[in-house]
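Structure record follows, encoded as structure tokens.
Residue numbers start from 1 in every chain, and the chains themselves are labelled A, B, ... in the order their sequence lines are given, proteins ahead of strands.
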Number of protein chains: 2
Amino acid sequence: MDDGTQHAPLCTDSDGDYDVLQWDTREDCEVRQILDRVADKWSLLVIALLDRRSLRFTELRRKIDGISQRMLTVTLRQLERDGIVRRTVHPVVPPRVDYELTPLGATLHDTIRSLVTWTERHQNEIAAARAAYDTRVEAEKETADQEAAERDALAREVLAGRR
Amino acid sequence: MDDGTQHAPLCTDSDGDYDVLQWDTREDCEVRQILDRVADKWSLLVIALLDRRSLRFTELRRKIDGISQRMLTVTLRQLERDGIVRRTVHPVVPPRVDYELTPLGATLHDTIRSLVTWTERHQNEIAAARAAYDTRVEAEKETADQEAAERDALAREVLAGRR
DNA sequence: CGGAATCCGCCACGATACTG
DNA sequence: CAGTATCGTGGCGGATTCCG
């Protein structure tokens, strides 16, 4: 329809109380909705797998461990509707359907890829951070329980003295 | 713990039947889980908002339209646990808690940012693709209904002739 | 103000069965 | 093989209440 470079009716009004250069976070903003689709659990995997090649339905199903055929269908339909994936039906028996990225989808692939790469690259740091956090929380819980016990003991003493 | 550049116990064995250079998509792979967190609906917004500045709990709440305080709390806790966000409590009354990206979180911010930028930049194309898709599907439904009606009419004729 | 804890509705998703 | 259709449920997330 158009070249997609114009900013169009972006939701960038109201909320002028803080920095206007802040991108929009309003609930009805379309960017939010698209972001949800694109950053979806299954969408990420599908897009990442369709890197410069086409795959059949069953191939995708096999490569993505744990996905149900229903979710794969739904995900592919959404991506097709958004113009990110192209669906090609070969009228043969048995039926054969190929999926591949559109040019638009290809531009998204790079971004998705960098997200995946980041995750792979930092998974050790994250695992370490989680372990450290859990340890810290556990330790705080310990001391909290101790102090509670001490307060309890003190309270009992006071009560005993009064009586 | 370490510099995070080593690839460590990546889940890259088994499934040697196709290209091994394919990154892992197995359900139990840790990358999958981290990806889900990082690409989460609310996490994206929080990380994007904490660009080189710290924000208070209520500030984040106000800026992210539609988030409940529960989900903001949960999201922030997860990000803190993953070492992406730092939480700073100021012991004053009324309580004041600041959130900011850690160095690790800052490296993620760039990637998130590019995802958001991509979405902003292509939202018109996507909207157009959706409209085209919906139109196409609607048209196919029309013809399908017509053909069904024709078959129905033909069947009635045949039945009438038989009787 | 910044949570934690509890309750609960609802729908996203999986499992299953059936078609072209 | 590549779906659609239907049903059942687990858990995500909203609303509410209470606390430091």
Side-chain angles (χ1 to χ4, degrees), chain A residues 27 32-33 36-37 39-46 49-50 54-81 85-100 133 136-138 140-141 143-145 147-148 151, chain B residues 27 32-33 36-37 39-46 49-50 54-81 85-100 133 137 140-141 143-145 147-148 151:
Chain A
E27 201 166 6
R32 285 270 295 267
Q33 181 198 122
D36 286 351
R37 290 229 177 287
D40 172 72
K41 171 181 184 171
W42 301 121
S43 298
L44 284 180
L45 298 178
V46 168
L49 280 172
L50 290 179
S54 72
L55 290 174
R56 301 182 55 178
F57 185 86
T58 310
E59 289 175 333
L60 280 169
R61 183 157 164 50
R62 237 197 324 271
K63 284 177 186 294
I64 303 178
D65 187 43
I67 194 173
S68 65
Q69 108 278 44
R70 172 183 153 79
M71 284 317 293
L72 182 53
T73 301
V74 171
T75 301
L76 286 170
R77 284 290 177 280
Q78 288 174 344
L79 292 178
E80 186 195 2
R81 177 166 183 263
V85 157
R86 171 162 36 239
R87 177 170 177 267
T88 311
V89 181
H90 298 91
V92 296
V93 287
R96 178 190 178 94
V97 181
D98 285 335
Y99 293 92
E100 59 185 335
Y133 180 91
R136 234 186 58 214
V137 169
E138 184 61 23
E140 286 172 4
K141 187 181 174 328
T143 59
D145 286 351
E147 287 170 3
R151 281 195 306 274
Chain B
E27 202 167 5
R32 285 272 294 270
Q33 181 198 120
D36 286 352
R37 289 229 176 288
D40 171 72
K41 173 181 184 172
W42 301 121
S43 298
L44 283 180
L45 298 179
V46 167
L49 280 171
L50 291 180
S54 72
L55 290 174
R56 302 183 54 178
F57 184 86
T58 310
E59 287 175 334
L60 281 169
R61 183 156 164 52
R62 239 198 321 272
K63 283 177 186 294
I64 304 177
D65 188 42
I67 193 173
S68 65
Q69 113 275 48
R70 170 182 152 79
M71 285 317 294
L72 183 53
T73 302
V74 170
T75 301
L76 286 170
R77 282 292 176 278
Q78 288 174 345
L79 292 178
E80 185 195 4
R81 177 168 182 262
V85 155
R86 171 162 37 241
R87 176 170 178 267
T88 310
V89 182
H90 298 90
V92 296
V93 288
R96 177 189 179 97
V97 182
D98 285 336
Y99 292 94
E100 59 185 335
Y133 181 90
V137 170
E140 285 172 5
K141 187 182 176 325
T143 60
D145 286 352
E147 286 170 5
R151 280 195 307 274

So, A/Arg37 side chain and A/Leu79 main chain: donor-acceptor pair closer than 3.5 Å or not?
-> no
Output for pair (A/Leu55 CG, A/Ile64 CD1), nearest 0.5 Å, gives 9.0 Å
Starting at CZ of A/Arg87 and ending at P of D/dC1, how long is that distance when rounded to a whole Å?
-> 16 Å
Value in whole Å for how far the P atom of C/dG3 lies from CZ of B/Arg56 | 10 Å
Could you give the CG-to-P distance, from B/Leu60 to C/dG3, as a whole number of Å?
-> 10 Å
May I ask you to decide if A/Ala39's main-chain N or O and A/Ser43's side chain share a donor-acceptor pair within less than 3.5 Å?
-> no
Testing D/dC1, C/dG3, D/dG3 for proximity to the side chain of B/Thr73, the answer is C/dG3
Between CG of A/Asp36 and P of C/dA12 the distance, given in whole Å, is 12 Å
In whole angstrom, what separates A/Leu76's CG from D/dC1's P?
-> 16 Å
Gap separating the CG atom of B/Leu45 from the NZ atom of B/Lys63, nearest 0.5 angstrom | 12.5 Å
Rounded to the nearest Å, what distance is computed from the NE2 atom of residue A/His90 to the C1' atom of nucleotide C/dG20?
-> 18 Å
Starting from C1' on C/dA12, measure out to CZ on A/Arg37 and report it in whole angstrom.
-> 12 Å
Contact string for nucleotides 5-20 of chain D, one letter per nucleotide 5' to 3', B = base within protein heavy-atom range under 4.0 Å, S = sugar-phosphate only, - = neither, reads --------BBBBB--B
Remember a base hit wins even if backbone is also touched, and classify B/Arg61 as base, sugar-phosphate or nothing at under 4.0 Å, heavy atoms.
-> nothing
Just how far, in rounded Å, is C1' of D/dG3 from CZ of A/Arg96?
-> 16 Å
How many angstroms lie between atom CZ of A/Arg70 and atom OG1 of A/Thr75, to the nearest 0.5 angstrom?
-> 10.0 Å
Partners meeting side-chain hydrogen bond (donor to acceptor under 3.5 Å, both in side chains) with B/Gln33 (sequence neighbours left out) = A/Arg130
